[in-house]
There are 2 protein chains.
Amino acid sequence: MNKKNGPTLVKKLSRQELVVHSKPTSRDVARAAGVSQSAVSRAFTDGGKVAPETREKILRAAEAINYVPNIHARSLITRRTGMIALVVGDITNPFYPEILDTLSKKLQTVGQRVVLFNISRDEPIDLAISGVLKYQVDGIIIASALPGISIAELSLKTYSPVVLINRTIRSAPVDTVSCDNFSAGKFLANLLLDSGHRRPAFVAGLAGASTSVERERGFREVVLARTGKEPLIANGDFTYQGGVDAARSLFENKYPPDSIFAANDIMALGVLDALRIELGLNVPKDVSVIGFDDIGTAAWPSYSLTTFRQPVSEMIDEALRLLSERISDPKRKPANVVLPGTIVLRKSARLSTKRQRKSQIASA
Amino acid sequence: MNKKNGPTLVKKLSRQELVVHSKPTSRDVARAAGVSQSAVSRAFTDGGKVAPETREKILRAAEAINYVPNIHARSLITRRTGMIALVVGDITNPFYPEILDTLSKKLQTVGQRVVLFNISRDEPIDLAISGVLKYQVDGIIIASALPGISIAELSLKTYSPVVLINRTIRSAPVDTVSCDNFSAGKFLANLLLDSGHRRPAFVAGLAGASTSVERERGFREVVLARTGKEPLIANGDFTYQGGVDAARSLFENKYPPDSIFAANDIMALGVLDALRIELGLNVPKDVSVIGFDDIGTAAWPSYSLTTFRQPVSEMIDEALRLLSERISDPKRKPANVVLPGTIVLRKSARLSTKRQRKSQIASA
DNA sequence: GTGTTTGTTGCATACGTATTCATTGATCGT
DNA sequence: ACGATCAATGAATACGTATGCAACAAACAC
């Protein structure tokens with residue numbers, strides 16, 4: 001379309017002879033510096049063997065003609081692109097920008113970059129995956145539910161290392177990093193019951209999301225064992241509005257809850273707003289609310305949300321470690337790293353002081 | 001390091017003969033389907049001339065061996081990578097995830113992807129730019145202050161189309177898309193004064209950021225003209241905490257303001273929390289607060305922030321239009337697209353009803 | 001039947017860089 | 001002074017794909 005080769009007029013005319021306004025290549029630099037193309041390549045490679053003065057000369061020439069190495073050509077040979085794919089489902093949940101921020105900063109210190117794959121909820125999953133694979137990324141970090149993805153498929157189709165972060169898959173041959181969601185659920189149930197709450201409720205996220213399911217399992221198990229009754233449960237879809245709706249529906253119940261644990265912070269904030277503003281309740285006096293993640297907003301004084309903090313930075317460190325381990329040994333058994341989280345006590349939950357001291361729980 | 005070529009044992013051994021566990025290429029598909037490599041390429045190219053049954057055969061073979069085209073090899077020839085760089089400074093401000101979300105979804109519908117460049121505030125700018133250029137992206141969208149960047153440099157060094165979004169540069173030869181910040185500042189000052197406020201204050205963002213400067217200029221101009229006095233001004237650094245601090249400092253003044261316009265929403269929320277919780281003031285009764293951007297949180301009932309909405313989706317449409325126009329005509333004069341925003345009336349500002357009807361302002 | 005058009009296909013080459021190999025000049029030990 | 005070692009460099013090739021060109025077959029008009 002914007003190709004303007006006049007292919008017929010001239011018999012043989014190499015691109016070099018045409019004065020095309022196009023990005024300079026290593027050959028252009030070589031010519032300008034009076035060296036070979038290989039020398040230029042070596043000057044731009046970290047361990048490259050070049051005489052210091054030659055390198056200087058080359059770098060000056062490159063600077064002069066605004067040369068920048070072409071990463072794609074390089075990646076053809078080195079088989080490394082320096083790109084890590086981050087697959088994300090719901091980027092409007094502030095937890096994911098935090099992951100994105102941490103991840104991209106960590107990667108940039110080692111010269112790598114994040115390519116973002118923003119999966120819509122209704123996007124066919126096969127398409128999404130092969131979309132990622134085309135980019136020959138060095139690794140794939142999935143922080144999204146990926147509804148209906150068969151992991152067998154994933155590992156078959158993928159020659160790139162994959163790590164699931166904040167997601168697990170039962171008996172899956174994939175590396176995963178996550179918080180100890182089951183223990184956290186138990187911990188929070190105990191915390192609420194120890195502080196005198198009698199009717200804890202749970203607000204679940206997207207149906208089938210492992211994080212929500214695990215937190216619910218731990219929570220429900222303890223509540224059932226200690227009170228003899230199932231906790232009330234509502235669905236919040238992992239969104240603020242979902243939290244609002246869930247709170248409403250919980251309080252349509254004849255015996256509404258006296259405490260609510262939401263599977264993530266953004267839902268907890270929705271719950272809080274609904275309780276206070278729509279239902280006119282006092283938090284934490286009438287109802288205690290606890291979230292999960294510890295996003296920035298949770299600390300704002302208007303909310304002052306008590307929540308269970310995920311160790312984002314450590315999780316990403318682990319994810320990157322798993323990726324690089326798998327690069328050097330593709331056949332290694334998949335690892336499931338489980339990290340401990342931390343309760344962050346603020347004002348949205350009425351908790352007894354005794355228990356507050358024991359704020360850190362250990363990992364399984 | 002993980003290269004295991006035994007280069008000495010065998011004289012000549014092409015890669016194809018070695019049974020390397022490596023990604024299949026178009027040649028592998030060609031062999032499997034009994035066609036030439038060119039046929040495979042054509043089968044995977046949109047307008048490619050191949051017989052329908054041949055294409056079918058090829059696609060089946062590709063599927064069978066999990067072949068995925070290598071985008072980097074393709075980009076060497078087509079000179080298009082399908083990647084758009086988004087340069088962002090402060091991703092923890094929810095406004096930018098919103099941009100990121102909108103942008104990546106729009107791009108994905110046309111088969112393009114976002115590569116994120118998350119610039120730290122202290123990162124040397126030259127490094128950052130050549131970091132971007134290495135990727136040969138089809139276009140660069142800058143939504144960051146890029147402190148101290150000389151635009152002359154930028155356009156010289158860059159052979160890729162560049163668009164500044166939510167940023168402008170005085171007399172710059174670069175395409176830009178932004179809201180009419182100056183008019184918005186004037187509009188909001190008039191709005192506050194019309195509603196009986198007498199001492200409007202302004203909370204500025206990062207020093208030198210064009211958006212903040214322009215909004216301030218319009219605001220100050222009207223306040224000065226109509227009240228005869230400069231508005232109070234505090235700095236908020238574009239962050240929540242900055243907004244908190246700015247509110248404090250404004251109210252250390254002997255004659256504190258009766259209304260505050262913050263240059264973005266996240267600061268306005270900090271202002272709100274500081275006023276209500278630290279200073280015990282009633283918003284909007286004692287003080288009116290207005291923000292800018294209309295991020296999701298602004299609508300939450302706890303804040304119900306009156307704010308000036310930026311037309312994010314339209315801004316991104318325009319940015320993409322400018323990019324593609326510049327691809328087809330690199331020498332076109334730079335355009336500065338200015339879009340109108342909309343006032344969003346909520347409860348954080350005490351405004352007279354009459355004015356509220358006239359909520360939409362026109363662009364300059 | 002011939003000549004012409006149309007539609008498919010394969011061959012060969014180019015994209016920009018990294019890397020192997022051979023060559024050269026320099027350095028060193030003796 | 002002389003061979004041996006070493007550092008620096010260039011020539012040539014490969015990475016995986018797209019594409020111009022030629023070859024070819026089929027279809028068609030006459």
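Here is the naming used below: chain letters follow the sequence lines, and residue numbers restart at 1 for every chain.
Distance A:I77 CD1 to D:dT13 P: 14 Å, rounded to the nearest Å. Atom P of nucleotide D:dG16 and atom CZ of A:R74 are separated by 17 Å, given to the nearest angstrom. Between the NZ atom of A:K23 and the P atom of C:dT17 there is a distance of 11 Å, given to the nearest Å. Here the P atom of nucleotide D:dT17 and the CG atom of B:D46 are 16 Å apart, to the nearest Å. For A:H72 and D:dC15, the NE2 to C1' distance is 14 Å, given to the nearest whole Å. Between the CZ atom of B:R27 and the P atom of C:dC11 there is a distance of 10 Å, rounded to whole Å. With rounding to whole Å, A:E56 atom CD is found 13 Å from D:dT9 atom P. Atom CZ in A:R31 sits about 17 Å away from atom C1' in D:dA11, given to the nearest Å.
For A:A73, the listed nucleotide lying nearest its side chain is C:dT17; candidates were C:dT8, C:dA12, C:dT17. If you check D:dA18, D:dT17, C:dT9 against the side chain of B:T78, the one that comes closest is D:dA18. Nearest nucleotide to the A:A51 side chain, out of D:dT17, D:dT19, D:dA8: D:dA8. For B:R42, counting side-chain heavy atoms from C-beta on, the closest listed nucleotide (C:dT8, D:dG20, D:dT9) is D:dG20. Taking only side-chain atoms of B:L76, from C-beta outward, the nucleotide of C:dG16, D:dG10, C:dG10 with the closest atom is C:dG16. Among the nucleotides C:dT17, D:dT17, D:dG10, the one closest to the side chain of B:N70 is D:dT17. Side-chain proximity of A:Q37 to the nucleotides D:dG16, D:dT9, C:dT17 is greatest for C:dT17. Of the candidate nucleotides C:dT17, C:dG10, D:dA18, C:dG10 has the atom lying nearest to any side-chain atom of B:S36.
Between B:E63 and B:R60 there is no salt bridge, since no side-chain N of the basic residue sits under 4.0 Å from a carboxylate O of the acidic one. Ion pairing between a basic and an acidic side chain is recognised when a charged N comes within 4.0 Å of a carboxylate O; A:E53 and A:K57 show no such pairing. A salt bridge links B:D175 with B:R332: the closest approach of a Lys/Arg side-chain nitrogen to an acidic carboxylate oxygen falls below 4.0 angstrom.
OP1 or OP2 of C:dG16 has not a single side-chain nitrogen or oxygen of A:T25 nearer than 4.0 Å. Side-chain N/O atoms of A:S41 include none lying less than 4.0 angstrom from OP1 or OP2 on C:dG16. Phosphate contact (OP1/OP2 of D:dG16, side-chain N/O of A:R79, threshold under 4.0 Å): present. OP1 or OP2 of D:dT17 sits under 4.0 Å from a side-chain N or O of B:S26. Neither OP1 nor OP2 of D:dA12 sits under 4.0 Å from any side-chain N or O of A:S38.
Here the closest heavy-atom approach between residue B:A62 and residue B:F44 is recorded as CB-CZ, 3.7 Å.
A side-chain donor from one of B:N118 and A:D101 sits under 3.5 Å from a side-chain acceptor of the other. Side chains of A:D138 and A:T81: a donor on one and an acceptor on the other come within 3.5 Å. In this structure, a donor-acceptor pair under 3.5 Å is present between the side chains of A:T176 and A:N336.
Helix-axis bend for the helix from C:dG1-D:dC30 to C:dT30-D:dA1: the local axis fitted to the five terminal pairs at one end deviates from that at the other end by 30°, rounded to 10°.
Among B:L133, B:I129, B:V163, the one residue that satisfies the side-chain contact (heavy atoms from CB on, under 4.5 Å) test with B:I140 is B:L133.
Using a 4.0 Å heavy-atom criterion, one finds that B:V40 contacts no nucleic acid atom at all.
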